[in-house]
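Each chain gets a letter, A, B and so on, in the order its sequence line appears, and its residues count up from 1. Every value quoted in this text rests on a predicted model; they were computed, and no experiment measured them.
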2 protein chains.
Amino acid sequence: SGNIVNNMAELKSAIDKAQAGDVIVMSNGIWKDAEIDFKANGIVDKPIVLKAETPGKVFIEGQSFLKIAGHYLEVHDLYFRNGYTPINSVIQFKSDEKNAAYDCKVVNCVIENFTQLDRRKKDHWVEFWGQRNELLYCYIAGKSNDGPTLRAELKGNQHANCHHIIANNYFGPRPRRGGPRGETMQLGDSYTSMVPAFIEVRDNFLDRCNGEVEVISSKTNYNKFINNVFYKCEGSLVLRHGNYATIDSNWFIGDDNSDNIGGVRVINTGHWITNNYFYNLKGNEFRSAIAVMNGIPKSPLNRYNQVTDVVIAHNSWIDCISPLQFSVGSNVNKSDVLPKSEIRSALPIRTSVANNLIYNSKTISEAIVKYYDTPGDIDFQSNYVSGVEGIENLNGFITAEMTVANSQSIVPLVTVVDRNAALFNGFNFSNIKNDIFSNGRSENQAGAICAVKNTKQNLLDVDKYGPVWFEKSKKNTNTKQLSVKSSEELYAAFEKINDGDTILIDADLLKLDKLIKVEESVVLASSNKDQKVRLQFTSTEQVPAFELGAGVNFHLNHLIVEGTKTLNCFEPNQADMSIATNVFVDECTLSGFHSIYKSKKGSFADTLKVVNSELKDLVNGFILDSETEAKGDYNAEFLILDNNKISTIENVLVNFYRGGYDESTIGGNFVFNNNTVEGAGKRGADEILLKTQGIVNVRILNNNFSSIESGFVARLWGEKNNVESGNTIYGKSKIVSDEFLTQKLLY
Amino acid sequence: SGNIVNNMAELKSAIDKAQAGDVIVMSNGIWKDAEIDFKANGIVDKPIVLKAETPGKVFIEGQSFLKIAGHYLEVHDLYFRNGYTPINSVIQFKSDEKNAAYDCKVVNCVIENFTQLDRRKKDHWVEFWGQRNELLYCYIAGKSNDGPTLRAELKGNQHANCHHIIANNYFGPRPRRGGPRGETMQLGDSYTSMVPAFIEVRDNFLDRCNGEVEVISSKTNYNKFINNVFYKCEGSLVLRHGNYATIDSNWFIGDDNSDNIGGVRVINTGHWITNNYFYNLKGNEFRSAIAVMNGIPKSPLNRYNQVTDVVIAHNSWIDCISPLQFSVGSNVNKSDVLPKSEIRSALPIRTSVANNLIYNSKTISEAIVKYYDTPGDIDFQSNYVSGVEGIENLNGFITAEMTVANSQSIVPLVTVVDRNAALFNGFNFSNIKNDIFSNGRSENQAGAICAVKNTKQNLLDVDKYGPVWFEKSKKNTNTKQLSVKSSEELYAAFEKINDGDTILIDADLLKLDKLIKVEESVVLASSNKDQKVRLQFTSTEQVPAFELGAGVNFHLNHLIVEGTKTLNCFEPNQADMSIATNVFVDECTLSGFHSIYKSKKGSFADTLKVVNSELKDLVNGFILDSETEAKGDYNAEFLILDNNKISTIENVLVNFYRGGYDESTIGGNFVFNNNTVEGAGKRGADEILLKTQGIVNVRILNNNFSSIESGFVARLWGEKNNVESGNTIYGKSKIVSDEFLTQKLLY
Ligand SMILES: [Ca+2]
Ligand SMILES: [Ca+2]
């Protein structure tokens, strides 16, 4: 039903003529470089609808966007892929400064990997303006460039009190960005932090949204976050600015192997955090299940207000370590090195923590409550605990027997056995009417679950989220192995491989006179791992041996790779650095390179990992120093060197740099364990072999250094997570730790 | 009806036993030192009522207070007078930290001159806590001590979202306080500036509430100010902190002779200022009819946020000068002398000024709009003007013919003649449904009045406000004249006078060996003004000649008053400095005093005025320097010396001091006009004859100085309102102007 339009001219004409109740149907196929300006006016029961002929068969590609402006408009079933927006946003709820959207909906749409080629170029994929707009049942994944995925703008009365709804969407993986501005949602900004927004974020699934430390950054007033699943997201729901948020009935699910997955971080006044279920969270400080921050007294608008009048009630922490952390961000010890207006010394006050449940399946001894400053004015009442030692003298915490219903969900559902255990009745607590399953609290219980009913609770049923027509997890299950015997065959193989393939080389030595472009994720290895093939790159120009395309995972196994000392072994391809590239080297020998890896401005590797290998005769080792603008960016999330034999490095072995610091990311990780290093480093008392300026997490353990020419093996950043131990250094070089680092603040 | 109680024990017992629906009646008479803790619980249609046996016949005196805590309580008809509170407040809507009031009312009560004996002691007369409490039909006047008259407290969820109502009250005169914290109402503070308050202040009459520059200081969100009359209040309704205030249908009435009477001062975001009527306002900057301030970029919590998203629509400015002033408080020129966090450089933005009416009965040429910085982003639309020259090129202002209905009100009611003059239709302007008289805007017009109906508009009918049983303006109309011939008779006369009496002296010379205590406002004069009586004070101790009681106006006419050089002529009485004292000297000779006037710590004179007199043979002249704590306090509002002959002053003629500066007061006024000064001042290049450190308004005009020993006659404060002209100085002494003064900031 409705007018079918087949091209942009027809679409434009249909929009221009649209009347309330009209349906405009975009014909199936690829719409390339579609700049859609859906500006029209429906009425309350007669919206104007723009939709796909067949859901999932209308592809918006190339340099495209959708603007929506007017009243009562709906957009259904469009699929954005293979491209990026030429403007600031992909879907934008306004046409221009004077025309925003009111009572409009975007439903069942997909934006997949529609990311800028240059990671540094900033955009938003969904930009809310106007009032009472909705994003429903959409799938959005794969943004790797600068800027929050979804952003609500509130500057101006016509955008305030907006009451937008973001519901039933699937926010698929967002890769680590390696710097700030990688939120999945940002609702307002500090300049509109006084604005009433009333944005409702409910029933969404957030799947590994790892962009930065804030999965959601709430910066306006009266926002509600209800019944969302945060599945293994490396970040938190952060109440960054604005007050009186409601965080109710959400699931925060962690991972045994990560301490980067967070829960809720609390700043400002009057939030109610109720009925939430936190499972398997292990993080500290910013990454803790509940991180209640210290504020700056009389804080500037864009910094940290004191926490006051917050209620944390009827939550459950299951298999979490130290889930309640207070005065996070306290830096009173830095009063001498930071200006007064930067000192977070204002303790949280008038805050209630009551009627919560803490359960650990294996008894632990870590404190439930952790303080980073003197305790503020926190009222703990009737919190029930099982599986934590040493709570006898902890006011407001009571040991209780608990029941675990494991079979009903991927998450164990825990309740207190004693149905008459006393509860605290705080001011307005009677407003907490239901539990996490929306069951009434007439027979009230501590924790998020009042009673486990017989219904199965399938939390992770991803089909409840996003468009029904869209398959959320696609994999190339059809991978193949190619075997090559010559240089020509090798170059040819790289032309025809698909994602996930393997190339095995059956030869002693291949001479390679030009670079290899790696455009798909691939494993390159010797066909017999006990007889390593030699790859000899002969160019004397400054080209790389391997040029890595966007998003590839490149594995190099059981190979000897040799250069001429002028070329670098691995380099990202400048032409498309939209998605992080990764390099995994195992049991190889790399020698004769100017650098093993050399970053470029704007490039980002999630993981660079070299293990069980020999690295020798190099000018440099790993150079990740291209982000020099002090904006908090850096060139790799993880650089891991484990169990390698390293020798004869003329200059620097690692230069991993981050300028500027805003606490918004994991912050760079360097792991250097179990290596032997001999004859390395530039000569000089001030020279450093392993340079990690500004990197937050550094681990240098159990290495053996000899004949190091540089004055320092490493200089660590004491106040951050920089540690060394078990290292042996023959000679005069040394590892030191500097407590504070002068960093440019980022705001 | 109800239980009559006769004393505190019976009252306490009645309160303890009170049930929903009970009425407790306090018997007529004086209740001294009554500490009433009205803690009980009524229900919605059955409140518990505490009331006077006969309205106006139950007097609460001495050290008394009333606390109210619980639900559905009402207090009626109590009269607080002749005393002060021993605690922090007179009427307090809480009993203690745990017990506040909800849905309680105070109706038809009076608090009159219930002021602390020590002006420096801080209290509040009505302190709001809890939620949904009301102050209705009360009369409150005469607070002269430290602290806002009415204060709403919002710290804690149990006090937030409070929805208090303050309606139909008469706020009688509040004298100038001579420093900050003299507001008539303060709603919240900067620490609760993010809290939603929803306080409604409507239908009140504010009569000469002159305490300080803020008559009302709104510091929380969503407060409403509707249909109030601000009658000759030396201050403004100030939106100091918090956002989204509604200021609708208020009357701001000025005075021909004052430029201290203000209108609305705007800071922060989202206020709607509509349908207000501004009459006869002449002030500038903080005192202008509409003062829109500059903000501090990323302001600290307690300073000045940028103005954004404000709507100023359908207001009328009648006989006002430059009613619209923008970027008030801009101090970008002080970037060198103040820290960056003090520079108000953020211009007002996204602000609409539309559909207003500007009328001047005599055509003036002063600009309607005044800027103290470059213009911000202000949208002027469809503002109609009559009686202002030079608006031809002013965007958004249109000359129009207007109709004046003078006979119907003390304020001329002005409308545009053309009933079809075009109006601007801004975002949400359709919410401005009525005009200032609550008539519909179906036939819409610019300005506050849509149509003048035939009904008489008696704005100043004070009987509409406060308790009907209370007479608002009481005067001693029964003043008398006493005639005295001897010292004994003079002392005796001062014992028996009443307020407003006159004492005439019929003698040549009276020798007075002790001080005269002036406890009532009185005129002291020679019976024949052409034959001045000599009053010779003979004490050689450091006592004053005249000791001034609290609140007196002391007039001295046609007298010669002589001292022994050890005593001061006038001094406030330390025992009670609760109310400002005033001294008026006309056609007298004052000689042989250590000082003419000497302040004391905590003393305050509203006006010290000496005219047409001779001052000679003094150690000092006027010493007003007792407030040394740099808290913005000072010892007199006005010191006026006009047309005097002054000679032989050993030390300093004037020392008028204010330490600290917060812009919250008129700021001290020194007028020194048409005097001749000969042989005065301490010798020394750095000495100053007229010291006015920190005084905001100084006017030194047309004086004649000779034989001045001090290096300076005066040093003026250039950036403030300090001016001199027409002065003649014989000799080397001089008047200089220093642009900036180093002042301690007060917050
Ligand atoms: Ca962020
Ligand atoms: Ca004030």
- Task: Using a heavy-atom cutoff of under 4.5 Å, enumerate the residues of residues 152-164 of chain A that contact chain B, numbered in order, or state 'none'.
- Result: A/K155, A/G156, A/N157, A/Q158, A/A160
- Message: Report which part of A/N221 has an atom under 4.5 Å of a heavy atom belonging to chain B: side chain, backbone, both, or neither.
- Response: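 For A/N221, neither part sits under 4.5 Å from chain B.
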- Task: Measure A/V195 against the heavy atoms of chain B and call it side chain, backbone, both or neither at under 4.5 Å.
- Result: both
- Pairing residues for A/F429 by the ring pair (Phe, Tyr, Trp, His ring centres under 6.0 Å) criterion, not counting sequence neighbours: A/W272, A/F424
- Query: Which atom pair, heavy atoms only, marks the closest approach of B/F198 to B/P196?
  - Reply: CE1-CB, 3.6 Å
- Task: Might you point out which heavy atoms bring A/H241 and A/N268 nearest each other, and give the distance in Å?
- Result: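 A/H241 and A/N268 have their closest heavy atoms at CA-ND2, 3.3 Å.
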- Task: Working to the nearest 0.5 Å, report the span between CD1 of A/I312 and OG of A/S352.
- Result: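 Here the rounded value is 9.0 Å.
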- Measure the acute angle between the ring planes of B/F326 and B/F380, then classify it against the limits of 30° and 60° as parallel, tilted or perpendicular.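 Perpendicular: the ring planes of B/F326 and B/F380 meet at over 60°.
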- Item | Region of B/T269 in contact with chain A, defined by heavy-atom distances below 4.5 Å | side chain
- In plain terms, say whether A/R350 and A/D377 are close enough for a salt bridge, that is, a side-chain N and a carboxylate O under 4.0 Å apart. no
- Check whether more than 12 heavy atoms from other residues, nucleotides or ligands sit under 6.0 Å from atom CG of B/D379, and answer yes or no. yes
